[in-house]
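To find a chain, count down the sequence lines: A is the first, B the second, and so on, and within it residues start at 1.
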2 protein chains.
Amino acid sequence: MLAAAIELFSEKGYHNVSMYEIAQKAEFSIGTIYKFFKNKEGLYKSLIVEQADRFHDALTNAIEETDDEIEKLRNYVKTKSKVFKDNVSVVRLYFAETRGASFNIKAGLDCEIRERYGRFMHTLALIFENGMKNNRFRKIGRPYDLAVALDSVCNGFLLLWLESPEQNPYPENPDVILNIFFKGLVDP
Amino acid sequence: MLAAAIELFSEKGYHNVSMYEIAQKAEFSIGTIYKFFKNKEGLYKSLIVEQADRFHDALTNAIEETDDEIEKLRNYVKTKSKVFKDNVSVVRLYFAETRGASFNIKAGLDCEIRERYGRFMHTLALIFENGMKNNRFRKIGRPYDLAVALDSVCNGFLLLWLESPEQNPYPENPDVILNIFFKGLVDP
DNA sequence: TCAAAATATGACGTATCATCCATATTATGA
DNA sequence: TCATAATATGGATGATACGTCATATTTTGA
């Protein structure tokens with residue numbers, strides 16, 4: 001049932017999907033949906049929160065797999081790629097909620113998702129902070145700024161890939177993305 | 001009239017704004033709106049395209065103001081900040097259309113806006129390409145990738161700033177962003 | 001086997017809106 | 001000044017869709 005809703009919301013957007021459509025696709029009746037969810041908004045909300053948590057959990061696990069800061073970042077980029085590629089339809093919704101301005105639901109959802117996203121960003125920032133403390137990284141910016149920057153770049157590439165996967169492949173090698181940060185553009 | 005629509009769409013989203021509301025705010029009657037625009041979708045479309053063009057024109061001009069590649073990038077970052085700060089409500093819509101998955105309109109608009117965005121991204125990529133040709137920049141990645149990366153980072157910071165302007169100020173100094181690219185994170 | 005509980009159904013009440021168009025208002029210019 | 005053109009208005013209309021609930025179906029267990 002959630003799967004049907006995800007696919008439809010992802011394809012047409014919250015306001016362009018009717019409960020009738022969802023019921024059809026899920027092979028349930030409308031009434032049954034209302035047994036599981038308070039209303040349409042509740043369905044969407046629980047769907048988004050569940051999926052966002054899945055993403056963040058996977059990313060957090062990837063980071064914690066090793067102690068080496070550079071390897072952590074590599075794992076992060078790789079996992080982000082993998083998880084997103086395996087969940088294309090969810091990614092569209094995830095981006096709509098975390099990156100773009102989501103107008104799907106009047107208010108309230110944004111806060112919850114954004115808060116979780118913010119917490120994860122702090123986890124990411126910690127890698128840069130530690131890397132700077134033990135001199136693996138040069139102090140070229142605030143750790144949180146670097147975390148935002150890295151995540152933004154990954155999202156940028158993922159967005160291109162979403163638009164036209166064959167024309168804009170998400171780099172297989174995480175270093176294509178990381179080198180933008182690791183190697184300076186101008187000579188030191 | 002466009003101003004009223006922008007504000008409402010930006011605040012509540014396409015589907016949560018009625019023509020009645022727009023008419024009220026614009027101090028016109030509903031019928032008059034239909035004299036100027038074919039329908040609600042037409043209103044939104046012309047509004048978005050016009051604003052996106054304004055943004056891209058301003059950014060293109062900023063880039064063309066100087067011949068120095070580094071200075072071009074500085075102008076880009078600075079102008080992006082300025083234009084966006086002066087048009088907060090529009091930015092939300094612009095992001096929804098170019099960054100997040102826009103579900104406001106069934107189809108067609110995406111293409112037009114995205115295409116313009118893509119064209120601009122090529123302009124930006126040209127700076128990196130030229131900079132590499134004349135050895136101002138090291139060849140740390142494909143020019144187009146670097147353009148996407150820089151734009152994504154700016155967008156990332158702008159998004160934070162949109163969420164809570166006082167807690168996450170968009171860096172006054174463009175080098176805070178550019179140094180992420182200019183200076184390598186790890187020792188060469 | 002069958003009655004009672006649990007669950008599923010989908011037609012319907014109600015509300016909202018986009019859009020149209022008959023009418024009213026304003027502008028023009030002779 | 002007034003007839004005619006141009007423009008503005010907002011109530012009427014029809015379509016869509018959420019959420020309910022009386023009814024139907026299935027499951028349970030005695």
Side-chain angles (χ1 to χ4, degrees), chain A residues 1-51 89-90 92-93 96-97 101-113, chain B residues 1-51 89-90 92-93 96-97 101-113:
Chain A
M1 195 155 91
L2 281 171
I6 287 176
E7 200 127 331
L8 285 169
F9 283 142
S10 155
E11 192 187 332
K12 310 167 72 172
Y14 183 78
H15 289 285
N16 295 317
V17 173
S18 69
M19 293 303 268
Y20 175 77
E21 277 180 286
I22 297 173
Q24 285 273 312
K25 185 147 192 167
E27 291 179 331
F28 275 97
S29 71
I30 290 179
T32 306
I33 296 182
Y34 282 88
K35 282 267 147 55
F36 289 85
F37 303 97
K38 190 166 162 285
N39 48 30
K40 191 181 178 184
E41 206 165 299
L43 167 59
Y44 184 78
K45 224 164 139 166
S46 67
L47 180 158
I48 284 289
V49 170
E50 183 189 310
Q51 296 297 324
S89 56
V90 183
R92 285 173 61 82
L93 295 178
E97 294 301 329
S102 165
F103 299 124
N104 289 331
I105 287 194
K106 292 186 207 313
L109 177 57
D110 309 34
C111 305
E112 202 166 341
I113 297 262
Chain B
M1 196 155 93
L2 281 171
I6 287 176
E7 201 129 327
L8 284 169
F9 283 142
S10 156
E11 192 187 331
K12 310 168 74 172
Y14 183 78
H15 288 286
N16 294 318
V17 172
S18 69
M19 293 303 268
Y20 175 78
E21 277 179 287
I22 297 173
Q24 285 274 312
K25 186 149 191 166
E27 292 179 329
F28 275 98
S29 71
I30 291 180
T32 306
I33 297 182
Y34 280 88
K35 281 269 149 54
F36 288 87
F37 303 97
K38 190 166 162 283
N39 49 30
K40 191 182 178 183
E41 202 167 305
L43 166 60
Y44 184 78
K45 223 166 143 168
S46 66
L47 181 158
I48 284 289
V49 170
E50 183 190 311
Q51 296 297 323
S89 57
V90 182
R92 285 173 61 82
L93 296 178
E97 294 301 329
S102 164
F103 299 124
N104 289 331
I105 288 196
K106 291 187 210 311
L109 177 56
D110 309 34
C111 305
E112 201 166 342
I113 296 263

- Item | Range on DNA chain D touched by chain B, heavy atoms, distance below 4.0 Å | D:dA8 to D:dG10
Nearest heavy-atom pair of [X] and [Y]: which atoms, and what distance?
X     : Y     : value
A:S10 : A:R92 : O-NE, 2.9 Å
B:M19 : B:K40 : SD-CG, 3.6 Å
A:L47 : A:F9  : CD1-CD1, 4.0 Å

Using the side chain to side chain contact (heavy atoms under 4.5 Å, CB included) criterion, which residues pair with [X]? Sequence neighbours excluded.
X     : value
B:S29 : B:T32
A:S46 : A:F37
B:K12 : B:L8, B:N16, B:V17, B:E21

- Task: Tell me, please, which residues at least two apart from B:Q24 pass side-chain hydrogen bond (donor to acceptor under 3.5 Å, both in side chains).
- Result: B:Y20
- Task: Please check the phosphate of C:dT9 (OP1 and OP2 only) for any side-chain N or O of A:S29 closer than 4.0 Å.
- Result: yes
Expected rows: protein N/O vs nucleotides 16-21 of chain C N/O, under 3.5 Å:
residue	atom	partner	partner atom	Å
C:dA18	OP1	B:V17	O	3.3
C:dA18	OP1	B:K40	NZ	2.6
C:dA18	OP2	B:M19	N	2.8
C:dT19	OP2	B:Y34	OH	2.8
C:dT19	OP2	B:K40	N	2.9
C:dT19	O5'	B:Y34	OH	3.4

- Give a yes or no on whether the backbone of A:E41 and the side-chain of A:Y14 come within a donor-acceptor separation of less than 3.5 Å. yes
